[in-house]
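Here the structure is laid out as structure tokens; the discussion comes afterwards.
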Amino acid sequence: NERAVASDILADRCMEFLAAHPDCVVSFHYGPKCSHDDNWVIAHWYETGTWSGDSRGIKATGNPMAVEGQTRFLVNDDLKITHFVVTRTFTEWEETLQKIQG
């Protein structure tokens, strides 16, 4: 499903994620590359770390974290991002947050 998210909400969510996983490391299966056919930039990545921080009122478990996903963004001729898409797996913290939010 596609949904629009305001940039400030996305930034807040990223900060909350980092509060829960302060040792998070992002690595790339395939680093950011621009498509040859259009202006889509695509990166395949994975994150590892530990759920060692409390965030959004959820207590840390100390469990390891590993997720992966793909980020795509469309840039115009001025190299400004006009569309941003993320598909990814979820951490235990995110799954817990979704249950709380209903």
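- Between the side chain of Glu94 and the backbone N or O of Thr91, at least one donor-acceptor pair lies under 3.5 Å.
- Using cut-offs of 30° and 60° for the angle between ring planes, the Phe17 and Trp93 rings count as perpendicular.
- A 4.5 Å side-chain heavy-atom check between Leu97 and Arg13 finds at least one atom pair inside the cut-off.
- For Ser55 (side chain) and Glu16 (main-chain N/O), a donor-acceptor pair under 3.5 Å exists by modelled atom type.
- Note: Leu74 CG to Asp38 CG = 7.0 Å, rounded to the nearest 0.5 Å.
- Between atom CD1 of residue Ile58 and atom NZ of residue Lys99 there is a gap of 10.5 Å, rounded to the nearest 0.5 Å.
- By the 6.0 Å contact criterion, CG on Asp77 is open, its count of non-hydrogen atoms from other residues, nucleotides or ligands being 12 or less.
- Distance check: Lys80 NZ to Thr82 OG1 gives 11.5 Å after rounding to the nearest 0.5 Å.
- Take Ser52 and apply the side chain to side chain donor-acceptor pair (under 3.5 Å) test, not counting sequence neighbours, and it matches no residue.
- Within the 4.5 Å cutoff, the side chain of Val25 has heavy atoms near those of the Ser27 side chain.
- Distance check, rounded to the nearest 0.5 Å: OG1 of Thr61 to CH2 of Trp51 gives 5.0 Å.
- Atom OH of Tyr30 sits in a sparse spot, with 12 or fewer heavy atoms from other residues, nucleotides or ligands closer than 6.0 Å.
- Hydrophobic clustering, with ILVMFWY side chains joined whenever heavy atoms are under 4.5 angstrom apart, keeps Leu18 apart from Phe90.
- Scanning for salt bridge (Lys or Arg N to Asp or Glu O under 4.0 Å) contacts around Asp54 gives Lys59, with sequence neighbours left out.
- Atom-to-atom distance recorded for Arg56:CZ and Ile100:CD1 is 8.5 Å, nearest 0.5 angstrom.
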Report all side-chain donor-acceptor pairs from residues 39-50 shorter than 3.5 Å, counting only partners two or more places apart or in another chain.
| unit_1 | atom_1 | unit_2 | atom_2 | d |
| --- | --- | --- | --- | --- |
| Asn39 | ND2 | Val75 | O | 3.2 |
| His44 | NE2 | Gln70 | NE2 | 3.2 |
| Trp45 | NE1 | Thr71 | OG1 | 2.8 |
| Glu47 | OE1 | Arg88 | NH2 | 3.4 |
| Thr50 | OG1 | Asp23 | OD2 | 3.0 |

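- Hydrophobic clustering (side-chain heavy atoms under 4.5 Å, transitive across Ile, Leu, Val, Met, Phe, Trp, Tyr) groups Ile81 together with Ile9.
- By the rule that hydrophobic residues join a cluster once side-chain heavy atoms approach within less than 4.5 Å of another member, Val86 and Val5 end up as members of one cluster.
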